[in-house]
Amino acid sequence: MATSALTAQGEDFPRWYQDVVAKAEMAENGPVRGTMVIRPYGYALWERVQAELDRRIKATGARNAYFPLFIPESYFAREAEHVEGFSPELAVVTHAGGEDLAEPVIVRPTSETVVGEYMAKWIQSHRDLPLLLNQWANVVRWELRPRLFLRSSEFLWQEGHTAHATAADAAAFAARIHRDVYRDFLVEVMAVPVFEGLKSPRERFAGAINSLTCEGMMRDGKALQMSTSHELGQNFARAFNVAFQDEGGQSSWCHTTSWGASTRLIGGLIMAHGDDRGLVVPPRLAPVAVVVLAVRDEEAVEAACAEVTAELEAAGVAVERDRARGSFGRRVTDWEIKGVPVRVEIGPRDLSEGVVTLVRRDDGARRTVARGELAASVRALLDEVQASLYASARARRDAATRDVATLAEAVEAAQEGFARVGWDLVAAGGEDELNRHAVSVRCVQRADGSLPASLDESDLVAVVAKAY
RNA sequence: CGGGAAGUAGCGCAGCUUGGUUAGCGCGCCUGGUUUGGGACCAGGAGGUCGCGGGUUCAAAUCCCGCCUUCCCGACCA
């Protein structure tokens, strides 16, 4: 057996991450610093993320629309915190069409401003509310320290924007998106257990009055924000005159929300489940859930592979037949790096016994099943793998999370994983102390781990960690 | 943007300290053959402005200066 194709996680985690991204043929750097070329396999994963999120987003009643890439610079100036938060990472077009522009144009880092402008036109009456929009788009935030999928100067995402008549309605909708779109997707599809909670005022989105987050734990113990949902209060409505008349003819500002998840989720997928053999993709997310491999290049074996592939396809399984040349071991390794959850291996021995061999990517366990039970066995095995990935991610996360009583203990625990410490302690000046040690407040939650209604609740707990 | 490390074939590297024939090695790639139940082997072959620009020198991958890029740590962030 040859040496590993990848740097071991324990040896150098960031290097391992890069190796996986490269060797699984997911993405590479673009010619301009911070840009990313997403290769077909990486994009197929993103398309699965899109499909699952889009379905859930539409189920909430939101509809897709598209707003322009270019935003007038003046829009940003209208919301003070927003412009302050984003100005360091804006890309600005000052020259186009062969001359200097009268007003510079911002390449969107997010679209609250331009959406606000059009919401104002579209909303007159309480009957126009709620207005529930989503867009799939690229955005640009100039990054000083780019990293494929995790931090690139241009990335892909969805951003939802909604307008409501009341603060309570806006808050309820943001919570619904958080729960029914993001948390449900992360847990049920991506098999990533999440810490959910509210962002501390310091970690909040620029211009929001409240931010909800799903935080995942990566296999090196660091945190990754997987999604955010923001209550924007009336801040943007005021800045863009998004107003409506109620039943009594009274005019008031709308309450808006925004919420997003990005290609960063692919980075989270890699780091939440990946192991020393490469990527590990949960079956429900996998663009290829099953790969069928011929152990030997023999006619009868190839014919059986073709039959099995067709049978699984007919059974609704995302199956691909391995067509690569080279030794069996090499082909196996290549599919392992790509994280395909289940392999069907067929060789002469299987043929003579009327069985096929099924191998799990996550634990390497193999079993043989009768040809007649193939489709049912594969489906059951995929469900098993899905459940098992979530369970082991959950076990790792719980083992690396400590409840502590002091800031010093929290900093110490954050060297290896997450710490849960009283929010009162953190809010009373403790956040500076944590930040000095590169530890940040990932979210604030109730003691039982549930989502609080506001930071004003008593006995809240801060989940703190080092973060990507 | 601050601190550190590095740029030599598609990828990973050696050579640089002490300047001097035709710049090497592994993987990958191409051709042919033998192989294939966990990263196969043999034979032949292609592939290089040594990151870019300038300087020193009879002579620069090697020494000097500037710039660019990448990676790590920090600040910022989805």
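Reminder, nothing fancy here: chain letters follow the sequence lines and each chain counts from 1.
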- Check each residue of residues 290-299 of chain A for a non-hydrogen atom within less than 4.0 Å of any atom in RNA chain B, then write out the ones that pass by number, or none. A:Val295, A:Arg296, A:Asp297

- Sorted by first residue and then second, give each side chain to side chain donor-acceptor pair (under 3.5 Å) pair with at least one member in residues 260-270 of chain A; sequence neighbours left out. none

- Task: Inspect the contact between A:Arg361 and A:Glu336 and indicate whether a charged nitrogen and a carboxylate oxygen are less than 4.0 angstrom apart.
- Result: no

- Query: Among the nucleotides B:U36, B:G37, B:A78, which one has an atom lying closest to any side-chain atom of A:Arg331?
  - Reply: B:U36

- Item | Partners passing side-chain hydrogen bond (donor to acceptor under 3.5 Å, both in side chains) against A:Ser392 (at least two apart in sequence or in another chain) | none

- Task: Establish, yes or no, whether the cationic atom of A:Lys199 lies under 6.0 Å from the six-membered ring centre of A:Phe205 and within 45° of the ring axis.
- Result: no

- Query: Checking ring-ring contact (aromatic ring centres under 6.0 Å, His included) against A:His82, which of A:Phe76, A:Phe240, A:Tyr75 comes through?
  - Reply: A:Phe76

Between the protein and nucleotides 40-47 of chain B, list the N/O to N/O atom pairs that are separated by less than 3.5 angstrom.
residue	atom	partner	partner atom	Å
B:A40	OP1	A:Ser327	OG	3.1
B:A40	OP2	A:Ser327	OG	2.2

Could you list, one pair per line, each protein nitrogen or oxygen that sits under 3.5 Å from a nitrogen or oxygen of nucleotides 72-75 of chain B, together with the distance?
residue	atom	partner	partner atom	Å
B:C73	OP2	A:Arg145	NH2	2.3

- Residue A:Glu143, side-chain heavy atoms: nucleotide from B:U70, B:C76, B:G37 that is nearest: B:C76

- Examine A:Arg183 relative to A:Phe185 and say whether NZ or CZ is less than 6.0 Å from the centre of the six-membered ring and inside a 45° cone about the ring axis. no

- Message: A:Arg360: which residues meet the side-chain hydrogen bond (donor to acceptor under 3.5 Å, both in side chains) condition with it, sequence neighbours left out?
- Response: A:Asp362, A:Asp363, A:Glu384, A:Ser388

